[in-house]
Amino acid sequence: MYLRKSLREILEKILQNSLRNFNILIYGETGTGKEVLAREIHKKLKIEGDFVPLDVSSIPETLFESELFGHKKGAFTDAREDKTGLIEIANNGTLFLDEVSNIPLNIQAKLLRFLETRRFRRLGEARERESNFLLISATNENLEKLVEEGKFRKDLYYRISDFKISLKPLREEKEEIENLIRDFLGEDIKFSKRAIE
């Protein structure tokens with residue numbers, strides 16, 4: 001897969017700084033390649049476990065805690081069996097939280113506690129479990145502004161942003177369009193420069 005020059009430079013910087021033990025925050029508009037970059041970081045750092053993506057905006061608030069931390073059978077009305085949460089599934093791998101700005105405030109506090117201790121409890125369960133992984137978060141929102149507005153916890157913001165990356169939209173890197181088209185459609189494709197402008 002073809003990676004834009006700017007993404008390759010970011011990857012190089014991450015490899016040089018050995019960021020395996022840092023939480024990474026990626027800023028960028030929709031379509032700038034945040035998940036593509038996150039997958040490449042996971043791959044280039046040679047992380048043994050799985051890459052576990054979660055689109056935060058697709059999870060209803062009432063199910064978010066169960067999705068992230070898991071639950072014990074009987075913990076709530078529809079909990080018919082034990083469920084392993086994504087935090088546990090991501091152990092020794094990478095957890096990618098896309099649209100992290102949409103995490104409900106009450107869950108932000110629980111996620112912060114987990115990131116500080118690397119320990120968590122499944123919903124309805126007394127015993128603590130442990131999990132350790134690379135956390136990569138992504139957003140197209142201005143998190144600092146959301147912090148000022150009280151919509152995102154300041155302490156969580158600092159915890160998830162040890163290393164910040166800002167991705168440019170493709171319209172600011174027009175020289176990359178030809179290479180991307182060739183990657184999608186094949187090397188032999190013929191087109192005029194005028195057609196892609």
Side-chain angles (χ1 to χ4, degrees), residues 21-39 41-42 49-167:
N21 297 318
F22 290 82
N23 296 320
I24 299 171
L25 177 61
I26 304 174
Y27 282 105
E29 294 177 15
T30 301
T32 51
K34 297 186 290 292
E35 185 169 345
V36 170
L37 179 60
R39 286 182 182 276
I41 292 169
H42 172 82
D50 293 334
F51 180 88
V52 181
L54 174 63
D55 178 1
V56 172
S57 60
S58 69
I59 307 297
E61 187 171 342
T62 53
L63 296 177
F64 203 90
E65 184 173 1
S66 171
E67 190 69 24
L68 209 54
F69 297 102
H71 64 249
K72 185 178 179 180
K73 180 180 177 181
F76 51 88
T77 306
D78 290 328
R80 295 186 178 91
E81 57 187 27
D82 289 351
K83 176 183 170 64
T84 305
L86 295 179
I87 277 180
E88 196 170 345
I89 292 169
N91 190 32
N92 298 317
T94 299
L95 179 62
F96 175 62
L97 296 178
D98 196 12
E99 303 307 339
V100 70
S101 58
N102 291 318
I103 295 179
L105 273 170
N106 65 315
I107 304 299
Q108 288 180 29
K110 293 180 179 183
L111 179 59
L112 175 66
R113 183 183 181 281
F114 165 75
L115 291 173
E116 289 171 344
T117 65
R118 294 292 170 173
R119 301 178 72 81
F120 70 98
R121 287 188 181 95
R122 289 181 179 178
L123 198 58
E125 192 173 72
R127 85 175 176 97
E128 282 194 324
R129 298 170 183 263
E130 292 184 12
S131 187
N132 194 26
F133 49 76
L134 171 66
L135 176 66
I136 304 178
S137 305
T139 183
N140 59 14
E141 299 277 347
N142 183 333
L143 283 189
E144 291 181 1
K145 186 179 178 194
L146 293 181
V147 166
E148 288 171 12
E149 293 171 354
K151 295 176 181 174
F152 199 89
R153 291 181 63 109
K154 186 175 186 179
D155 43 9
L156 180 60
Y157 167 68
Y158 286 120
R159 181 65 66 175
I160 66 173
S161 60
D162 295 327
F163 189 83
K164 290 183 239 181
I165 299 167
S166 185
L167 297 185

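None of these values were measured; they are calculated from a predicted model.
- Put simply, CD1 on Ile136 and OG1 on Thr94 are 5.0 Å apart, with the number rounded to the nearest 0.5 Å.
- At a threshold of 4.5 Å between non-hydrogen side-chain atoms, the residues Glu61 and Asn106 count as touching.
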- [ ] Apply side-chain contact (heavy atoms from CB on, under 4.5 Å) to the pair Arg113 and Leu115, showing each step before the final yes or no.
- [x] CA-CA 5 Å; Arg113 183 183 181 281; Leu115 291 173; over 6 Å; no
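- Remark: Arg153 fails to qualify as a cation-pi partner of Tyr158 under the 6.0 Å distance and 45° angle criteria applied to the six-membered ring.
- At distances below 3.5 Å, at least one donor-acceptor pair connects side-chain atoms of Arg121 with backbone N or O atoms of Ala126.
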TODO: Show your reasoning for whether side-chain contact (heavy atoms from CB on, under 4.5 Å) applies to Leu135 and Phe114.
DONE: CA-CA 12 Å; Leu135 176 66; Phe114 165 75; over 6 Å; no
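- By the 4.5 Å heavy-atom criterion applied to side chains, Asn102 and Phe64 are not counted as neighbours.
- At least one donor-acceptor pair under 3.5 Å links the side chain of Asp162 to the backbone N or O of Asn23.
- Here the closest heavy-atom approach between residue Arg122 and residue Phe69 is recorded as CG-O, 3.4 Å.
- Judged purely by atom type and a 3.5 angstrom limit, Asn91 uses its side chain to pair as donor or acceptor with the backbone of Asn132.
- Across every non-hydrogen atom of Tyr27 and Glu144, the tightest pair is OH-N, 4.4 Å.
- In this structure, Glu67 CD and Ile59 CD1 are separated by 4.0 Å, a value rounded to the nearest 0.5 Å.
- Distance check: Glu149 CD to Asn142 CG gives 8.5 Å after rounding to the nearest 0.5 Å.
- Of the possible polar contacts, none joining the His42 side chain to the Leu37 backbone as a donor-acceptor pair under 3.5 Å is found.
- Between Glu128 and Thr117 there is no side-chain heavy-atom pair separated by less than 4.5 Å.
- Around the NZ atom of Lys72, the shell of radius 6.0 Å holds no more than 12 heavy atoms that belong to other residues, nucleotides or ligands.
- Inter-residue side-chain proximity for Leu54 and Leu68 is flagged as met; some heavy-atom pair is nearer than 4.5 Å.
- Using a 4.5 Å heavy-atom threshold, the side chains of Leu167 and Glu29 count as separate.
- The shortest non-hydrogen separation linking Lys151 to Leu105 is O-CD2, 3.8 Å.
- Counting all heavy atoms, side chain and backbone alike, Ala90 lies closest to Leu95 at CB-CB, 3.9 Å.
- Atoms CG and CD1, from Asn140 and Ile26 in turn, are 12.5 Å apart once rounded to the nearest 0.5 Å.
- A perpendicular orientation is assigned to the rings of Phe76 and His71, their planes being inclined by more than 60° (bins at 30° and 60°).
- Here Glu148 does not pair with Lys154 in a salt bridge; the nearest charged N to carboxylate O distance is not below 4.0 Å.
- In this structure a side-chain-to-backbone donor-acceptor pair under 3.5 Å is present from Ser131 to Ile87.
- Between Glu81 and Lys73 there is no salt bridge, since no side-chain N of the basic residue sits under 4.0 Å from a carboxylate O of the acidic one.
- One N or O on the side chain of Gln108 and one on the backbone of Ile103 form a donor-acceptor pair closer than 3.5 Å.
- Side-chain atoms of Glu88 and Phe120, non-hydrogen and from C-beta on, do get closer than 4.5 Å to each other.
- Here the closest heavy-atom approach between residue Val56 and residue Glu99 is recorded as CB-O, 3.4 Å.
- Side-chain contact check for Val100 versus Leu143: some heavy-atom pair is nearer than 4.5 Å.
- Here OH of Tyr157 is found 6.5 Å from CG of Leu25. Values are rounded to the nearest 0.5 Å.
- Under the 3.5 Å distance criterion, the side-chain polar atoms of Lys34 are left unmatched by any main-chain donor or acceptor of Ser137.
- Minimum interatomic distance between Ser101 and Thr139 (heavy atoms only, all atoms of both residues): OG-OG1, 3.5 Å.
- Between Leu134 and Ile41, some side-chain heavy-atom pair lies under the 4.5 Å cut-off.
- Between Glu116 atom CD and Asp155 atom CG the span is 7.0 Å, to the nearest 0.5 Å.
- Judged purely by atom type and a 3.5 angstrom limit, Ser66 has no side-chain atom pairing as donor or acceptor with the backbone of Leu63.
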